[in-house]
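Here is the structure we will look at.
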Amino acid sequence: MRLVFLGPPGSGKGTQARMVGEKLGLPQVSTGDILREAIVRKTDLGEKAKPYMDVGDLVPDEVVLPVVEKRIVEKDCMNGFILDGVPRTLGQAIGMEEVLQKLGCAIDAVMFIEVDDAVVVKRLSRRRVCPKCKAMYNLDTDPPKQEGVCDRCRVGLQLRSDDKPETIEARLVVYRKNTLPLVEYYESRGILKRIVGEGEIGEVFDSILGKLSEARSS
Ligand code: AMP
């Protein structure tokens with residue numbers, strides 16, 4: 001299956017994409033992770049992306065699309081993948097469609113995880129990330145066993161630089177303007193599945209699995 005996880009920042013799409021990926025044996029392709037990694041490694045891609053990411057803006061389509069195109073033709077993506085955080089603009093959606101068409105395939109389903117703005121702000125400001133294994137914690141609902149330390153890697157947890165309150169607000173504005181139109185785009189293609197994203201992680205996961213079996217049987 002070729003899936004897209006769509007939703008505002010903080011909707012839990014990264015966490016859910018990872019869980020669904022593990023369950024179905026599909027690689028999770030997260031443009032945010034790829035770009036952050038490029039920034040850490042100070043590559044050309046990282047240098048291009050950093051100024052946009054620092055202020056919560058979108059990295060231009062012409063920078064992001066080739067990165068995704070290169071990733072999805074890798075061997076582990078042959079039988080499917082989960083796109084997490086991409087497409088994020090109509091331009092990217094159309095670009096992806098063209099790329100997939102050339103490969104003789106298409107997106108099978110889009111999981112749209114809906115969460116209220118107030119929940120987004122609360123979740124992101126309480127989110128902490130392990131810089132090594134990328135595990136995500138929430139200080140209120142899913143704290144690490146030892147304060148400030150990753151359960152798995154034992155390294156210090158960090159607040160993502162774009163999870164600061166002023167940047168969260170900017171990201172929500174960008175989301176509404178650029179990404180929300182994709183809901184209609186995929187709905188008109190009959191592949192959009194709406195998920196209520198405000199429950200517990202396990203509940204949201206179960207509801208995604210339910211929608212996935214619907215998508216598989218249709
Ligand atoms: P994420 O980890 O998905 O929340 O993405 C973090 C940041 O990376 C975003 O706020 C954007 O600056 C950038 N980014 C990630 N994916 C994309 C994309 N598909 N298009 C443009 N910018 C992106």
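Numbers here are sequence positions counted from 1. Indexing begins at 1, ligand by ligand and atom by atom, following the structure's order. Keep in mind that the numbers below use all heavy atoms, side chains included, and drop hydrogens, waters and symmetry copies.
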Next item on the list: Name all pairs fulfilling the salt bridge (Lys or Arg N to Asp or Glu O under 4.0 Å) condition that reach into residues 195-210, sequence neighbours left out, sorted by first residue then second.
Entry: none
Notebook entry, point to check: Do NZ/NE/NH1/NH2 and the carboxylate oxygens of Arg126 and Asp163 come within less than 4.0 Å?
Noted result: no
Checklist line | Salt bridge present between Asp33 and Arg18 (N-O < 4.0 angstrom) | finding: no
Margin query: Please check: side-chain N/O of Arg152 versus main-chain N/O of Cys133, any donor-acceptor pairing under 3.5 Å?
Written below: no
Check: Considering only heavy atoms, which protein residues lie less than 4.0 Å from any atom of ligand 1?
Finding: Thr31, Gly32, Leu35, Arg36, Met53, Asp57, Leu58, Val59, Val64, Gly85, Val86, Arg88, Gln92, Arg160, Asp162, Arg171
Next item on the list: State which residues pass side chain to side chain contact (heavy atoms under 4.5 Å, CB included) with Ala93; sequence neighbours excluded, sorted by chain then number.
Entry: Pro87, Leu182, Tyr185, Tyr186
Check: For residues 82-111, which residue pairs qualify under salt bridge (Lys or Arg N to Asp or Glu O under 4.0 Å), counting only residues two or more places apart or in two chains?
Finding: Glu97-Arg189
